[in-house]
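Every heavy atom of this structure was used, including side-chain atoms; hydrogens, water molecules and symmetry mates were not.
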Amino acid sequence: MEDSRWRGQVDVIAFKPGIGTTDGMFEVGLVKIMNLHLRVFLTWGINDKSAARFAFYRSENDPLYINKGPSRADLGVTTDGPDPKDGANGQDDFSYRLSYLIEPTSDLAITFTHDKIEEDGTGWTGSNFANPLGNGVNPDSIDNPREVVLRWADEPVLDTRP
């Protein structure tokens, strides 16, 4: 019997420019941990045969965990990975897409698209609270749970720049 949990697909379809449509959206978020979150798009129906669309995304936040312990540099250790003073779980994402749609006839539609995506961050494999909780550490006794002593082994690094 085949295991159906491993079958399927994911289709990612970007919004196309809409002929005869002009609309847009601007969203900005500023919060304590996440420094900046910005999304913008604009669709412009140029005429009855063409339209353009611009979409922009920016998300940047400080690391969720602050390194309270010595860094690799402090210990004289050199390995690949994020800046030892940065902490962990930081994010710096940027992307945009420009699309131009032209429909010269009802049987022909041509879309020109240019996009750029950059993802960068300090990475983190996750948080393990089982050991402290299992050894009687009361979470309410921790002044700032974001301050941790990071283990600087080969932590994952998120960087999709070409």
Side-chain angles (χ1 to χ4, degrees), residues 5-19 21-46 50-75 77-102 109-133 139 142-162:
R5 291 179 299 165
W6 303 108
R7 292 187 305 165
Q9 76 184 47
V10 175
D11 290 333
V12 178
I13 302 170
F15 286 104
K16 291 183 180 179
I19 292 178
T21 302
T22 299
D23 64 357
M25 185 268 303
F26 178 83
E27 174 184 286
V28 65
L30 299 170
V31 290
K32 186 175 182 179
I33 293 174
M34 180 174 282
N35 294 338
L36 172 67
H37 174 81
L38 176 66
R39 291 190 323 172
V40 177
F41 82 82
L42 174 64
T43 299
W44 178 40
I46 298 171
S50 66
R53 179 177 170 89
F54 171 74
F56 176 85
Y57 174 79
R58 175 82 174 154
S59 185
E60 181 179 329
N61 68 284
D62 291 335
L64 180 62
Y65 296 105
I66 301 162
N67 186 13
K68 193 168 173 84
S71 69
R72 290 180 296 206
D74 294 338
L75 298 172
V77 177
T78 58
T79 61
D80 292 335
D83 185 332
K85 295 292 187 187
D86 278 349
N89 218 28
Q91 178 183 7
D92 188 6
D93 299 342
F94 165 81
S95 65
Y96 69 84
R97 173 177 284 130
L98 300 167
S99 302
Y100 176 70
L101 170 66
I102 184 166
I110 302 168
T111 304
F112 298 96
T113 303
H114 170 77
D115 58 22
K116 180 178 180 114
I117 299 172
E118 290 182 5
E119 291 182 298
D120 196 7
T122 53
W124 188 255
T125 56
S127 300
N128 184 353
F129 295 102
N131 190 12
L133 293 174
I142 300 170
D143 292 332
N144 186 350
R146 291 182 63 209
E147 292 181 347
V148 297
V149 176
L150 295 178
R151 295 173 302 156
W152 290 109
D154 289 327
E155 307 283 336
V157 177
L158 175 62
D159 186 353
T160 59
R161 289 176 288 184

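- Nearest heavy-atom pair, G18 versus T43, reported as atom, atom and distance to 0.1 Å: N-CG2, 3.5 Å.
- Counting only heavy atoms from C-beta outward, the side chains of R58 and L36 approach each other to under 4.5 Å.
- Here the side chains of M25 and R39 are in contact, with some heavy-atom distance below 4.5 Å.
- Contact record, P17 with L101: O-CD2, 3.4 Å, taken as the closest heavy-atom pair.
- In terms of the salt bridge (charged side-chain N to carboxylate O under 4.0 Å, His left out) criterion, D23 has no residue partners (sequence neighbours excluded).
- Judged as a ring pair (Phe, Tyr, Trp, His ring centres under 6.0 Å), and not counting sequence neighbours, the contacts of Y57 are H37.
- Aromatic pair F41/F26: centroids not less than 6.0 angstrom apart.
- Here the straight-line distance linking atom CD of E27 with atom CG of L38 works out to 8.5 Å at 0.5 Å rounding.
- Residues T111 and Y100 are not in side-chain contact: their nearest non-hydrogen atoms beyond the backbone lie 4.5 Å or more apart.
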Pair F94-K116, side chain to side chain contact (heavy atoms under 4.5 Å, CB included): steps then yes or no: CA-CA 8 Å; F94 165 81; K116 180 178 180 114; 4.1 Å; yes
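- With no hydrogens or angles considered, no side-chain donor-acceptor pair links S99 and R53 at under 3.5 Å.
- Taking OG1 from T113 and NZ from K16, the interatomic distance works out to 9.0 Å, rounded to the nearest 0.5 Å.
- Atom CG of N61 and atom CG of D93 lie 8.5 Å apart (nearest 0.5 Å).
- The structure places CG of L42 at 7.5 Å from OG1 of T22, a figure rounded to the nearest 0.5 Å.
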